[in-house]
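Notes follow the structure.
In what follows, every heavy atom counts, from backbone to side chain, and hydrogens, waters and symmetry copies are set aside. A, B, ... follow the sequence lines: proteins, then strands. Residue 1 opens every chain. Here the structure is a predicted model, which means the values were calculated and not measured.
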Amino acid sequence: MPELPEVETIRRQLLPLYRGEIFREIRLSALAALQNCRAEDFQRLAGKRIDDFHRRGKFLIFECQGIYPVFHLGMSGIFLKSKAESLYPQHIHAEMRFKSGKELFFQDMRRFGNIRLYSEFPQFPGLGIDPLGAEFTAGRLNALLAAKKMNLKQFLMDQRYIAGIGNIYASEILFRARLSPRRKTHELKSRERAALFQAIPAILASAVENFGTTYSAYRTVTGESGENQHFLQVYQREGEPCHRCGRAIIKTVMGSRSTFYCEKCQR
DNA sequence: TCTGACCTGCGA
DNA sequence: TCGCAGGTCAGA
């Protein structure tokens, strides 16, 4: 489930491996082409050099001399250095080959991901603040919280407000901040807003250090699992004792998504 | 603001 | 065989 830490891990791994590489060809599967844009448009990439990789929320942006392929990994998107590493070669939707002989494959088993091509640096109108960027300030978070009347779990996962948080880290952030996922945004006291402001980047940065969280599909570019699943406090721990108070972790459903929390520690 | 559909592999 | 996993978006 690639959220911000998984996409950031992939970006950091792609940089030393593929920066400076020049595209020889790029092929999209029929499915990828049907869903997103015309495969022939991608031929414009041939001869272009990859100068940088950027991340905005959960979007991964390739900067290629005035052309910007943008990948969203959806639920199961991963990058592979070779086709032989793929467990599901039938789900490879983009094959990128470079003049040096290197290759890069985008595999997306569940096809929730997408690929788009931009002619200038994409701006993503409507996408919220990046929680690891300088623009993420207490003032901006407080203003967002005050303006909304929704529960915290859904607020955190809504990409229009904060970009990059998904189901796993929303639960983990709320545990860290000792806030119930059912609390309403506009009702938080200043001390609680401050706790949330601290918890969001802390949880995400720590997950980046651990190379992301692996459940099922996610793998880093080097084909390894992330490590962060070993450090989760509540996610997928239903019935297990809370690491703070010992009470069993509760699982509930909010917004059609499983949500994990401690009834005693999170108020 | 909320719900269900999309999609596929996996485990019960 | 069926339910579950969850990011996103359309529609209610």
Task: 4.5 Å side-chain heavy-atom contact, A:Leu45 and A:Met96 - done: no

Open item on the list: Checking A:Tyr118 against A:Gln123: is there a side-chain donor and acceptor pair closer than 3.5 Å?
Closed with: no

Open item on the list: From CG of A:Asn151 over to P of B:dC2, roughly how many Å is that when rounded to an integer?
Closed with: 6 Å

- [ ] For residues 129-140 of chain A, pull every pair meeting side-chain hydrogen bond (donor to acceptor under 3.5 Å, both in side chains), keeping only residues two or more places apart or in separate chains.
- [x] A:Arg55-A:Asp130

Open item on the list: Less than 4.0 angstrom between a side-chain N/O of A:Gln154 and OP1 or OP2 of B:dC2, yes or no?
Closed with: yes

- [ ] Indicate whether OP1 or OP2 belonging to B:dG9 is found under 4.0 Å from a side-chain N or O atom of A:Gln90.
- [x] yes

- [ ] Starting from P on B:dT1, measure out to CE on A:Met150 and report it in whole angstrom.
- [x] 6 Å

- [ ] Whole angstrom is fine here: how far is it from CZ in A:Arg110 over to P in B:dG9?
- [x] 10 Å

TODO: Share the residues that join A:Phe231 in a hydrophobic cluster, the rule being Ile, Leu, Val, Met, Phe, Trp or Tyr side chains under 4.5 Å apart at the heavy-atom level.
DONE: none

- [ ] Would you work out how much the helix from B:dT1-C:dA12 to B:dA12-C:dT1 bends between its ends, with each end axis defined by five base pairs, to 10 degrees?
- [x] 50°

Open item on the list: Of the listed nucleotides (C:dT8, B:dC7, B:dG9), which one gets closest to any side-chain atom of A:Tyr88?
Closed with: B:dG9

Task: ILVMFWY cluster membership beyond A:Met157 - transitive side-chain contacts under 4.5 angstrom - done: none

Task: Residues touching DNA chain C, which here means a heavy atom under 4.0 Å, drawn from residues 156-167 of chain A - done: A:Met157, A:Gln159, A:Gly166, A:Asn167

Open item on the list: salt bridge (charged side-chain N to carboxylate O under 4.0 Å, His left out), that's the test. Do A:Glu8 and A:Arg12 meet it? Break it down for me.
Closed with: CA-CA 6 Å; A:Glu8 179 62 21; A:Arg12 292 181 182 189; 2.8 Å; yes

Open item on the list: Going by ring pair (Phe, Tyr, Trp, His ring centres under 6.0 Å), name the residues that satisfy it together with A:His54, two or more places apart in sequence or in a different chain.
Closed with: A:Phe121

TODO: For A:Ser256 and for A:Lys148, locate the closest nucleotide of DNA chain B by heavy-atom distance; then report the residue assigned to the nucleotide nearer the 5' terminus.
DONE: A:Lys148

Open item on the list: Whole angstroms only, please: what is the CG-C1' distance between A:Asp108 and C:dG7?
Closed with: 11 Å

Open item on the list: In this structure, how many angstroms lie between the P atom of C:dT8 and the CG atom of A:Asn114, rounded?
Closed with: 9 Å

Task: Length of the CD1-P vector between A:Ile168 and C:dA5, whole Å - done: 12 Å

Task: Sidechain N-carboxylate O distance under 4.0 Å for A:Arg237, A:Glu240 - done: yes

Open item on the list: Just N and O in the side chain of A:Lys58: are any of them under 4.0 Å from OP1 or OP2 of C:dT8?
Closed with: yes

Task: Contact under 4.0 Å: A:Tyr169 side-chain N or O vs C:dG7 OP1/OP2 - done: no

Open item on the list: If you compare every side-chain N and O of A:His91 against the phosphate oxygens of B:dC7 (OP1, OP2), does one of them come in below 4.0 Å?
Closed with: no

TODO: State whether the distance check finds a donor on one side and an acceptor on the other, under 3.5 Å, for side chain A:Arg257 versus base C:dA5.
DONE: no

Open item on the list: So that I know where these two stand, are A:Phe53 and A:Tyr18 an aromatic pair - ring centroids less than 6.0 Å apart?
Closed with: no

Open item on the list: Check this one for me: any side-chain N or O of A:Lys251 less than 4.0 Å away from OP1 or OP2 of C:dA5?
Closed with: yes

- [ ] May I have the distance from A:Met254 (atom CE) to B:dC2 (atom P), rounded to whole angstrom?
- [x] 9 Å

Task: Nearest-angstrom distance from the residue atom NZ of A:Lys184 to P of B:dT1 - done: 9 Å

TODO: Please confirm whether A:Phe59 and A:Phe71 have ring centers closer than 6.0 angstrom.
DONE: no

